[in-house]
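Okay, so here's the structure we're looking at.
The shown structure was predicted, so the numbers you read here are calculated from the model rather than taken from an experiment. In listed order, ligands and their atoms are each counted from 1. All residue numbers refer to positions in the sequence shown, counting from 1.
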Amino acid sequence: MAASDKVFAGSIPKFYDTLMVPLIFEAYAVDMAGLVAAFSPGAVLETAAGSGVVTRALAPKLGADARYVVTDLNQPMLDYAATRQPADTRIEWRQADALGLPFDDASFDAVCCQFGAMFFPDRIAGYAEARRVLKPGGHFVFSVWDRIEENAFADDVTNAVATVFPDDPPRFLARTPHGYHDVAVIREELSRAGFGSIEIATREKVSRGSSASAVATAYCQGTPLRSEIEARDASLLQLATDCATEALVSRHGEGPVAGKIQAHVIVAAG
Ligand SMILES: C[S@@+](CC[C@H](N)C(=O)[O-])C[C@H]1O[C@@H](n2cnc3c(N)ncnc32)[C@H](O)[C@@H]1O
């Protein structure tokens, strides 16, 4: 993983939340909120919460006395999330690395993490941290994207942007968000972190954008792919976005576009 892959700062939080979240994160967030709420947890920790799409879906489902601690590595993402969340005394916002959680052992009934584990430099360490802070009988609910070929827009954008930088194609999307999809590896790493019960479901959904241009802008400017493009040549960000738009139009047509997305949803305990 490149150092810039985990930096969600600058203009990324706003573009991420307004463009990427409705495109691919919101539908999975609703599912995750339902899964976590079904355990009726008294205390919940969310890691890698980003701009708060799961927080917005889960908070209304938790009990009046629940404690909900919402964390992310990047403070700018949490700052953005807080602006979108109605005042709620049950929620504590806190910057935290999922690999070194500033919480006591056995503090939470549930830990949830939507599309964050791919960014952990050491997943076993991250899973062991989640397990450490869980009470006996608690659940760790998290999700990761399936391989990039199962996620149409990400694949199309990656291939199109590569044509702008043929000698050094930006591979952020393939390398990190879509780089951790082997369910056998996920099971093995959870087992090595100490989890005994592991359920993995692969969930396909449809991503819908108002236009090819909106989708291209979301991926090229609302994710760390932006930093990767700018590091090569900042003046080519718009050209790269335009190339991605053209590719999406040719694959998915003019006007509103729809493409397959697919993710693994994991519930671990024990
Ligand atoms: C793709 S976003 C997912 C955000 C949110 N969960 C969602 O579904 O929209 C990945 C998030 O992981 C965070 N992140 C990266 N490395 C992390 C780490 N080591 N610990 C905690 N959060 C991390 C990033 O700051 C970013 O907000």
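- Every residue meeting the side-chain contact (heavy atoms from CB on, under 4.5 Å) condition with Val21, not counting sequence neighbours, appears here in chain and number order: Tyr16, Asp17, Phe25, Glu26, Ser51, Val53, Arg56.
- Arg203 forms no cation-pi arrangement with Tyr28, by the criterion of a distance under 6.0 Å to the ring centre and an angle within 45° of the ring axis.
- Every pair passing side-chain hydrogen bond (donor to acceptor under 3.5 Å, both in side chains) that includes a residue from residues 160-170 is listed here, sequence neighbours excluded: Asp168-Arg232.
- Residues forming a side chain to side chain donor-acceptor pair (under 3.5 Å) with Arg132 (at least two apart in sequence, or on another chain): Asp105, Glu129.
- Residues Ile261 and Val206 fail the side-chain proximity criterion, which asks for heavy atoms closer than 4.5 Å.
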Contact table, ligand 1 N/O with protein N/O, distance under 3.5 Å:
from: ligand 1; atom 1: 6 (N); to: Ala48; atom 2: O; distance (Å): 2.7
from: ligand 1; atom 1: 6 (N); to: Gln114; atom 2: O; distance (Å): 2.7
from: ligand 1; atom 1: 8 (O); to: Gln114; atom 2: NE2; distance (Å): 2.8
from: ligand 1; atom 1: 9 (O); to: Tyr16; atom 2: OH; distance (Å): 2.5
from: ligand 1; atom 1: 19 (N); to: Asp97; atom 2: OD1; distance (Å): 3.0
from: ligand 1; atom 1: 20 (N); to: Ala98; atom 2: N; distance (Å): 2.9
from: ligand 1; atom 1: 22 (N); to: Leu73; atom 2: N; distance (Å): 3.2
from: ligand 1; atom 1: 25 (O); to: Asp72; atom 2: OD1; distance (Å): 2.6
from: ligand 1; atom 1: 25 (O); to: Asn74; atom 2: ND2; distance (Å): 2.7
from: ligand 1; atom 1: 27 (O); to: Asp72; atom 2: OD1; distance (Å): 3.4
from: ligand 1; atom 1: 27 (O); to: Asp72; atom 2: OD2; distance (Å): 2.8

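- Evaluated for a side chain to side chain contact (heavy atoms under 4.5 Å, CB included) with Gln221, the options Arg226, Met20, Glu230 yield exactly one hit, Arg226.
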